[in-house]
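For this chain, numbers begin at 1 and follow the sequence in order.
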Amino acid sequence: MDLLGVLQLDELAHGLANLNMFPYFDMAHYIVSVMSLREQPGALEVSRVSPLACWFSSMLFCFGGAVLSGVMLAEPPIAPLSNSTSVLLASIIWYLVFYCPMDLVYCCAALLPLRLVLSGMKEVTRTWKVLGGVTQAHSKYKDGLLVMIAIGWAKGAGGGLISNFEQLVRGVWKPETNELLKMTYPTKITLIGAVLFALQQTHYLPLQKHHLMLIYTVFTVGNKTRMMLTGASTSPFAALESALHKTLFSGYSPYAALTGEVKKASIDHGRTNKAMSSKTPKDSSESQAAGNRSSGSPVKRKNELLKAKEESEATNSKKSN
């Protein structure tokens, strides 16, 4: 790319492309992933009750992308766990984050300056994961653009895409948190990266690979740093997403009026049932009291008749005497 050459960034792009992820960048990825698990509601309780379930959830956070992409490519899903060194490193980090005495490791890693560095290093690994997934799919499906996008997306954001399965491991079921229903920022930015790298692999995007790696990495790291410093949680593409959604996917529905009428009828029916239920105890008590009175009247009349009969018999016996 001529612009990067003019800015003398071509050497930086080559250096970034030749950067080795193990062990430091992988370690940062494991630390941030396990810390993200620990900050999930109920994760600490699970770590005390079932350390095995907590460890397995941590491995899904760390290697979820490789597991999901392996399943999609009909490869053994446990193949990522065959790298004993990586699994051992991730397991050590899991133990220190959850069980370190005085919680020193988590407290230190949670400090903002150190967490900024770790999160930035994790974003660097995202670039390699997305590119690795796209390259792996391209080696098997030369013209499968959608396949390359899907595998790159899965490998870069697999931990989020299989979050429902990971929650089941911890005994939690929240289908409304499905990433396909409500995408988080990491899932969105990974999808964008997968599209860009897939277009570059199929020569639809006139960029060299190392130049695209540099541009994408600088954007993700810079934007992640900005979001952490400002405390923002919205995507930088929120305005564009809203405009596209309103333009393409929120047109007039012919069933809108019918839906509104049904909703109004159900609300009115619910209010009627609520009013009836509030009146029911009083009405039932009144009906019960009336029933008691009606049921008590024949008994009283029978007693009166028996008493009158006894009085008449007593009068007759006196007369006969």
Side-chain angles (χ1 to χ4, degrees), residues 18-71 75-133 154-172 186 190 217 220-221 224-225 228:
N18 297 325
L19 191 63
N20 192 6
M21 294 292 103
F22 185 85
Y24 301 111
F25 288 90
D26 285 343
M27 188 182 301
H29 166 67
Y30 299 150
I31 293 174
V32 175
S33 298
V34 177
M35 288 178 64
S36 178
L37 170 63
R38 176 183 166 129
E39 292 165 358
Q40 297 295 316
L44 274 177
E45 289 77 4
V46 173
S47 67
R48 271 49 177 180
V49 175
S50 178
L52 180 61
C54 182
W55 174 84
F56 190 69
S57 294
S58 299
M59 296 303 104
L60 290 178
F61 263 79
C62 295
F63 304 103
V67 171
L68 181 59
S69 61
V71 172
E75 296 179 353
I78 60 173
L81 301 180
S82 63
N83 189 340
S84 302
T85 305
S86 298
V87 173
L88 179 61
L89 180 61
S91 300
I92 293 174
I93 291 173
W94 159 76
Y95 183 84
L96 293 177
V97 169
F98 276 95
Y99 304 103
C100 180
M102 301 178 63
D103 217 7
L104 289 177
V105 173
Y106 176 78
C107 292
C108 292
L111 295 174
L112 183 59
L114 184 55
R115 190 152 191 172
L116 281 173
V117 174
L118 294 174
S119 299
M121 295 174 71
K122 177 179 169 61
E123 293 303 317
V124 175
T125 63
R126 187 186 307 278
T127 302
W128 265 254
K129 292 178 185 298
V130 174
L131 178 60
K155 198 156 190 175
L161 293 173
I162 63 172
S163 59
N164 289 114
F165 176 71
E166 182 275 325
Q167 290 171 358
L168 284 177
V169 175
R170 293 186 284 115
V172 179
T190 305
T217 303
T220 55
V221 173
K224 183 66 175 180
T225 304
M228 294 183 66

Subject >> Counterpart residues, side chain to side chain contact (heavy atoms under 4.5 Å, CB included), relative to Pro77 (two or more places apart) >> reply: Val67, Val71
Original post:
What residue pairs, at least two apart or across chains, pass side-chain hydrogen bond (donor to acceptor under 3.5 Å, both in side chains) with a residue in residues 59-71?
Top reply: none
**OP:** Give a yes or no on this: more than 12 heavy atoms of other residues, nucleotides or ligands lie within 6.0 Å of atom CD1 of Ile78.
**Re:** no
**OP:** Taking all heavy atoms of Ala109 and all of Leu118, pick out the closest pair and write down the distance.
**Re:** CB-CD1, 4.2 Å
Original post:
Taking the side chain as C-beta and beyond, is there a heavy-atom pair between Met21 and His29 under 4.5 Å?
Top reply: no
Subject >> From Leu116 atom CG to Met121 atom CE, the distance as rounded to the nearest 0.5 Å >> reply: 13.0 Å
**OP:** Specify the closest pair of heavy atoms between Gly156 and Val130, including all atoms of both residues, with the distance to one decimal.
**Re:** CA-CG2, 3.9 Å
Do any side-chain atoms of residues 54-66 form donor-acceptor pairs under 3.5 angstrom with protein atoms, and if so which ones, sequence neighbours left out?
residue: Trp55; atom: NE1; partner: Ser91; partner atom: OG; Å: 2.9
residue: Ser57; atom: OG; partner: Ala53; partner atom: O; Å: 3.1
residue: Ser57; atom: OG; partner: Glu166; partner atom: OE2; Å: 3.3
residue: Ser58; atom: OG; partner: Cys54; partner atom: O; Å: 3.0

Listing, residues 34-46 side-chain donor-acceptor contacts under 3.5 Å, not counting sequence neighbours, or none:
residue: Arg38; atom: NH1; partner: Val97; partner atom: O; Å: 2.7
residue: Arg38; atom: NH1; partner: Asp103; partner atom: OD1; Å: 3.0
residue: Arg38; atom: NH2; partner: Asp103; partner atom: OD1; Å: 3.4
residue: Arg38; atom: NH2; partner: Asp103; partner atom: OD2; Å: 2.4
residue: Glu39; atom: OE1; partner: Arg115; partner atom: NH2; Å: 3.2
residue: Glu39; atom: OE2; partner: Tyr106; partner atom: OH; Å: 2.9
residue: Glu39; atom: OE2; partner: Arg115; partner atom: NH1; Å: 2.8
residue: Glu39; atom: OE2; partner: Arg115; partner atom: NH2; Å: 3.2
residue: Gln40; atom: NE2; partner: Ser36; partner atom: O; Å: 3.4

**OP:** Compare all side-chain heavy atoms of Lys122 with those of Ser33 and state whether any distance is below 4.5 angstrom.
**Re:** yes
**OP:** Applying side chain to side chain contact (heavy atoms under 4.5 Å, CB included), name anything that partners Cys108, two or more places apart in sequence or on another chain.
**Re:** none
Original post:
If you take all heavy atoms of Tyr30 and Leu89, which pair is closest and at what distance?
Top reply: CE1-CD2, 3.9 Å
Subject >> Contacts of Thr125 that satisfy side chain to side chain donor-acceptor pair (under 3.5 Å) - sequence neighbours left out >> reply: none
**OP:** Go through the structure and list residues passing ring-ring contact (aromatic ring centres under 6.0 Å, His included) with Tyr99, not counting sequence neighbours.
**Re:** Trp94, Tyr95
Original post:
Looking at residues at least two apart in the chain, or sitting in another chain, which of them share a side chain to side chain donor-acceptor pair (under 3.5 Å) with Ser119?
Top reply: none
Original post:
Which residues satisfy the side chain to side chain contact (heavy atoms under 4.5 Å, CB included) test with Thr85, sequence neighbours excluded?
Top reply: Phe22, Asn83
Original post:
Can you pull the salt bridge (charged side-chain N to carboxylate O under 4.0 Å, His left out) pairs that have at least one residue in residues 51-63, sequence neighbours excluded?
Top reply: none
**OP:** Any salt bridge (charged side-chain N to carboxylate O under 4.0 Å, His left out) involving residues 48-70? Give me the pairs, sequence neighbours left out, ordered by first then second residue.
**Re:** none
Original post:
Roughly how far apart are Ser163 OG and Leu168 CG, rounded to 0.5 Å?
Top reply: 10.0 Å
Original post:
Where is the tightest heavy-atom contact between Gly158 and Leu68, given as atom of each residue plus distance?
Top reply: CA-CD2, 4.1 Å
Original post:
Under the side chain to side chain contact (heavy atoms under 4.5 Å, CB included) test, which residues partner Val221, sequence neighbours left out?
Top reply: Glu123, Val124, Thr217, Thr225
